[in-house]
Amino acid sequence: MARCFCRWRRVLICICTPCISLALLFVYVTVMLCMAMNDTSVPGIPVQDQQGAHFVASGSFRNKSFAPLPKTFWDLHQQDAYWNRLQLTIDRHFNPILQANNSMLRFKNSTFYESLVNRGFPEVTNLSSMKRNIEQLPQLLKDFASSMHRRDYPILIQPDGVCGVGAKDETEPPLLLLAIKSTEMNFKNRQVIRQTWGQAGWVAGQKINSSEVGGKQGGFVRRVFLLATENTEELGVDLNYLLEIESKQYGDILKWDFKDTFFNLTLKDVLFWKWFSHSCSRVRFVFKGDDDVFVHTPKIITYLQDQLKTPQAYKTMKNFMVGNVIEAAIPIRVNTSKYFIPDSFYKGLYPSYPGGGGVVYSGLLAKRLYTMSKRVNLYPIDDVYVGMCMIRLNAHPIHHPAFLTFDFPDKEEEGRCSYHTVLLVHKRSPDQLVQLWAHLRETQEQCKDVPLRKDKEPKL
């Protein structure tokens with residue numbers, strides 16, 4: 001009886017063991033498949049870009065994991081507009097549904113993603129409907145449309161330093177780089193900025209709100225002016241020669257070989273991000289603005305240092321951008337405006353974007369904006385283009401009422417301490433900048449406790 005029992009036990013073990021092993025293998029494979037299907041990485045996006053770079057599918061606008069997105073922004077039903085159709089050709093390459101089987105896309109290098117723009121350009125421009133659209137555009141916009149796929153413009157002049165001009169004895173990473181858009185003929189603007197709010201080197205902070213500034217609290221500042229080429233033959237002056245002299249004297253000129261027009265200001269952003277990514281690895285923050293603004297640099301220094309002290313600042317810095325944020329704007333369809341964009345070129349609302357004049361963002365975000373810009377076609381309004389890249393990064397600029405893109409409201413400027421309440425005001429002439437800088441010094445002690453501007457509470 002005992003022998004019979006042992007025999008049957010061996011038979012059961014021989015039969016059941018393979019079955020149990022197969023069952024366990026089946027469970028393991030099922031679990032791994034489920035995990036793969038629920039993986040949060042996005043097919044078609046390079047590994048280095050997967051942090052915060054999202055493909056936003058139609059119908060997902062209420063998904064809380066994405067930044068606010070106007071329903072008509074990049075709408076797939078707006079394909080008859082030139083820019084929208086061009087962008088669609090790029091977006092298809094990053095659509096996780098259309099590219100589900102092309103897992104190798106994530107391992108392509110940056111050159112591959114830059115080539116997407118060039119490949120989509122002839123595909124769209126050869127369509128008869130798009131040809132008609134281009135022919136109907138105003139001449140300046142037509143010129144932009146004909147070259148908006150190009151980004152390979154060489155640098156003609158660049159700063160002596162690795163990342164703009166600054167103090168030679170920096171004892172810590174630069175806190176701020178002032179990147180100022182200028183033109184060849186605006187020498188007076190640049191010179192006044194160098195003497196006032198755009199001084200490079202160590203800049204002391206200044207008390208704002210409850211911030212206590214004392215001793216040597218401040219930060220190292222660097223400076224660079226962003227320029228392109230202009231047609232100056234009618235002036236009878238060789239501006240290239242003068243710029244070379246200016247560059248040798250101050251070491252803060254960064255000039256590219258493309259035409260300096262209003263619509264090409266977007267190119268300055270993209271090429272600056274590229275230069276910054278390669279040359280400014282240690283800079284904490286960037287101020288990007290025009291050469292006709294007034295900036296309260298000491299208070300910006302303190303404001304940025306306060307941001308670095310906030311809880312989990314190392315996480316928020318990757319998306320940090322602050323300025324005068326414009327929400328849910330629509331393209332201007334009035335053909336007498338320099339911002340005129342016909343619906344044959346672009347349809348839809350604009351995403352949130354920081355207004356012109358000046359904006360501050362982290363150095364980390366500048367590098368991420370450059371990476372994302374390879375996936376977004378150039379747009380003729382630079383501020384809007386920044387908003388487009390931001391929303392593709394699942395990021396949202398912070399609005400601060402101390403950035404006055406449209407000047408002081410009402411009679412607020414008349415107050416003796418009014419300029420101590422702002423971080424930026426647009427526009428101001430070179431002569432006004434000199435007067436304002438002197439005024440700040442004269443009233444510094446009297447206005448030292450004045451807080452920054454706040455938005456007024458709406459009347460009930």
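On a predicted model such as this, the values are computed, not experimentally measured, just so you know. The figures here come from the full heavy-atom set of this structure, side chains too, leaving out hydrogens, waters and symmetry mates.
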Colleague: Rounded to the nearest 0.5 Å, what separates atom CD in Gln305 from atom CZ in Arg284?
Modeller: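 Between atom CD of Gln305 and atom CZ of Arg284 there are 9.5 Å.
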Colleague: Tyr346 and ring-ring contact (aromatic ring centres under 6.0 Å, His included): which single residue from Tyr82, Phe340, Tyr379 fits?
Modeller: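 The single option meeting the ring-ring contact (aromatic ring centres under 6.0 Å, His included) with Tyr346 is Tyr379.
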Colleague: Taking the side chain as every heavy atom from C-beta outward, state whether Leu365 and Lys318 have any pair of such atoms under 4.5 Å apart.
Modeller: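 They are not in side-chain contact.
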Colleague: Do you see a donor-acceptor pair shorter than 3.5 Å between the side chains of Tyr350 and Tyr385?
Modeller: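 Not at all, the side chains of Tyr350 and Tyr385 share no donor-acceptor pair under 3.5 Å.
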Colleague: Looking at Leu239 and Met185, what are the two nearest heavy atoms and their distance?
Modeller: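 Minimum heavy-atom contact is CD1-CG, 3.6 Å.
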Colleague: Distance from Phe258 atom CZ to Lys268 atom NZ, nearest 0.5 Å?
Modeller: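 Reported to 0.5 Å precision, the distance equals 6.0 Å.
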Colleague: Against Lys181, only a single residue in Asp382, Asp260, Asp290 fulfils salt bridge (Lys or Arg N to Asp or Glu O under 4.0 Å); can you say which?
Modeller: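 Looking at Asp382, Asp260, Asp290, the match for Lys181 under the salt bridge (Lys or Arg N to Asp or Glu O under 4.0 Å) is Asp382.
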Colleague: What do you reckon, is CG of Leu127 surrounded by more than 12 foreign heavy atoms closer than 6.0 Å?
Modeller: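 Enclosed.
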Colleague: Could you tell me the separation between the CE atom of Met321 and the CG atom of Leu393, rounded to the nearest 0.5 Å?
Modeller: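 Rounded to the nearest 0.5 Å, the CE-CG separation comes out at 9.0 Å.
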Colleague: Would Tyr361 and Phe285 satisfy ring-ring contact (aromatic ring centres under 6.0 Å, His included), going step by step from the backbone distance to the final call?
Modeller: CA-CA 6 Å; Tyr361 46 81; Phe285 296 95; 9.7 Å; no
Colleague: Report yes if some heavy atom in the side chain of Leu227 is under 4.5 Å from a heavy atom in the side chain of Phe225; otherwise report no.
Modeller: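 Sidechains of Phe225 and Leu227: in contact.
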Colleague: Answer yes if the ring centres of Tyr370 and Phe272 are under 6.0 angstrom apart, and no otherwise.
Modeller: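 They do not qualify: ring centres at least 6.0 Å apart.
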Colleague: With ring-ring contact (aromatic ring centres under 6.0 Å, His included) as the criterion, how do His400 and Tyr303 come out once you've worked through the C-alpha distance, each side chain's angles and the decisive distance to 0.1 Å?
Modeller: CA-CA 11 Å; His400 199 301; Tyr303 173 79; 5.4 Å; yes
Colleague: Kindly give the heavy-atom pair with the smallest separation between Pro174 and Arg222, and that separation in Å.
Modeller: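 Heavy-atom minimum between the residues: CG-NE, 3.5 Å.
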Colleague: Between Glu135 and Arg132, is there a side-chain heavy-atom distance shorter than 4.5 Å?
Modeller: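 SC-SC contact between Arg132 and Glu135 ruled out.
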Colleague: Any luck finding a side-chain donor-acceptor pair between Tyr419 and Glu413 under 3.5 Å?
Modeller: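 A pair is found: one side chain offers a donor N or O, the other an acceptor, under 3.5 Å apart.
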Colleague: Could Glu246 and Arg194 be called an ion pair, given the rule that one side-chain N must be under 4.0 Å from one carboxylate O?
Modeller: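 Counted as a salt bridge, because a side-chain N and a carboxylate O are separated by less than 4.0 Å.
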Colleague: Have Thr405 and Asn324 got a donor and an acceptor in their side chains that come within less than 3.5 Å?
Modeller: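 The criterion, which ignores hydrogens and geometry beyond distance, is satisfied for Asn324 and Thr405.
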Colleague: Hey, does Ile157 have a side-chain heavy atom less than 4.5 Å from the side chain of Leu243?
Modeller: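 Counting from C-beta outward, Leu243 and Ile157 do come under 4.5 Å.
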Colleague: Does the ring-ring contact (aromatic ring centres under 6.0 Å, His included) test come out yes or no for Phe262 and Tyr339, once each step is laid out?
Modeller: CA-CA 9 Å; Phe262 174 69; Tyr339 300 100; 5.4 Å; yes
Colleague: Ignoring hydrogens and geometry beyond distance, is a side-chain donor-acceptor pair present between Asp291 and Ser182 at under 3.5 Å?
Modeller: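 A pair is found: one side chain offers a donor N or O, the other an acceptor, under 3.5 Å apart.
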Colleague: Side-chain contact, heavy-atom cut-off 4.5 Å: Val386 with Pro354?
Modeller: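 They are in contact (side-chain heavy atoms under 4.5 Å apart), so the answer is yes.
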Colleague: Test side-chain contact (heavy atoms from CB on, under 4.5 Å) on Val283 and Leu177 and set out the steps.
Modeller: CA-CA 7 Å; Val283 175; Leu177 170 66; 3.9 Å; yes
Colleague: Step through the shown structure and confirm whether more than 12 heavy atoms of other residues, nucleotides or ligands are within 6.0 Å of NZ on Lys248.
Modeller: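 Check fails, neighbour count at 12 or below.
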Colleague: Check this for me: does any side-chain nitrogen of one of Lys427 and Asp407 sit under 4.0 Å from a carboxylate oxygen of the other?
Modeller: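 No, Lys427 and Asp407 are not salt-bridged.
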Colleague: Between Arg428 and Asp292, does any side-chain N to carboxylate O distance fall below 4.0 Å?
Modeller: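 Salt bridge between Arg428 and Asp292, a charged N being under 4.0 Å from a carboxylate O: no.
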Colleague: Answer yes or no for Arg150 and Tyr153: cation-pi contact, defined as NZ/CZ to six-membered ring centre under 6.0 Å and angle to ring axis within 45°.
Modeller: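 Yes, Arg150 lies over the aromatic ring of Tyr153.
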Colleague: For a side chain to side chain contact (heavy atoms under 4.5 Å, CB included) with Leu304, tell me which candidate from Asp306, Leu308, Ile300 qualifies.
Modeller: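 Testing Leu304 for a side chain to side chain contact (heavy atoms under 4.5 Å, CB included) against Asp306, Leu308, Ile300 leaves exactly one candidate, Ile300.
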Colleague: Between Ser373 and Cys389, which heavy-atom pair has the shortest distance, and what is it?
Modeller: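 Scanning both residues completely, I find the closest heavy atoms to be CA-SG, 4.0 Å.
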Colleague: Around Lys367, counting heavy atoms of other residues, nucleotides and ligands shown, do more than 12 lie under 6.0 Å from its NZ?
Modeller: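 Yes, enclosed.
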Colleague: Compare every heavy atom of Pro351 with every heavy atom of Met388, then report the nearest pair and how far apart it is.
Modeller: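 Heavy atoms only, the tightest pair is N-CG, 3.7 Å.
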Colleague: I'd like to know whether Met390 forms a side-chain contact (heavy atoms from CB on, under 4.5 Å) with Met372, so could you lay out the CA-CA distance, the side-chain angles of the two residues, the decisive distance to 0.1 Å, and finally the verdict.
Modeller: CA-CA 8 Å; Met390 284 288 284; Met372 182 52 64; over 6 Å; no
Colleague: Side-chain contact test, heavy atoms from C-beta onward, threshold under 4.5 Å: evaluate it for Val221 versus Leu175 and give yes or no.
Modeller: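 No - every pair of side-chain heavy atoms lies 4.5 Å or more apart.
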Colleague: With a 3.5 Å cut-off and no angle check, do the side chains of Ser352 and Glu327 form a donor-acceptor pair?
Modeller: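 A pair is found: one side chain offers a donor N or O, the other an acceptor, under 3.5 Å apart.
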Colleague: Where do Ser344 and Asn133 come nearest, in terms of heavy atoms and distance?
Modeller: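 Smallest heavy-atom distance, with atoms named: O-ND2, 3.4 Å.
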Colleague: Measuring from atom OG of Ser146 to atom CD1 of Ile134, what distance do you get when rounded to the nearest 0.5 angstrom?
Modeller: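 If we round to the nearest 0.5 Å, Ser146:OG and Ile134:CD1 are 8.5 Å apart.
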Colleague: Would a 4.5 Å heavy-atom cut-off, applied to side chains only, mark Leu137 and Phe144 as touching?
Modeller: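 Heavy-atom side-chain distance check fails, nothing below 4.5 Å.
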Colleague: Using only heavy-atom distances, determine whether the side chains of Asn240 and Lys255 contain a donor-acceptor pair under 3.5 Å.
Modeller: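 Yes, side-chain donor-acceptor contact under 3.5 Å.
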Colleague: For the residue pair Arg368 / Asn319, report whether a side-chain donor-acceptor contact shorter than 3.5 Å exists.
Modeller: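 Looking only at side-chain atoms, Arg368 and Asn319 do form a donor-acceptor pair, the distance falling under 3.5 Å.
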Colleague: Between Asp143 and Gln139, does any side-chain donor sit less than 3.5 Å from a side-chain acceptor?
Modeller: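 Yes - a donor-acceptor pair under 3.5 Å links their side chains.
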Colleague: For Gln87 and Asp91, does a side-chain donor sit closer than 3.5 Å to a side-chain acceptor?
Modeller: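 Yes - a donor-acceptor pair under 3.5 Å links their side chains.
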Colleague: Could you tell me if the side chain of Val360 sits less than 4.5 Å from the side chain of Lys288, heavy atoms only?
Modeller: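 Answer no - side chains too far apart.
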Colleague: Parallel, tilted or perpendicular: which describes the rings of Phe287 and Trp197, with under 30° parallel and over 60° perpendicular?
Modeller: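 Taking Trp197 first and then Phe287, their aromatic rings stand perpendicular (interplane angle over 60°).
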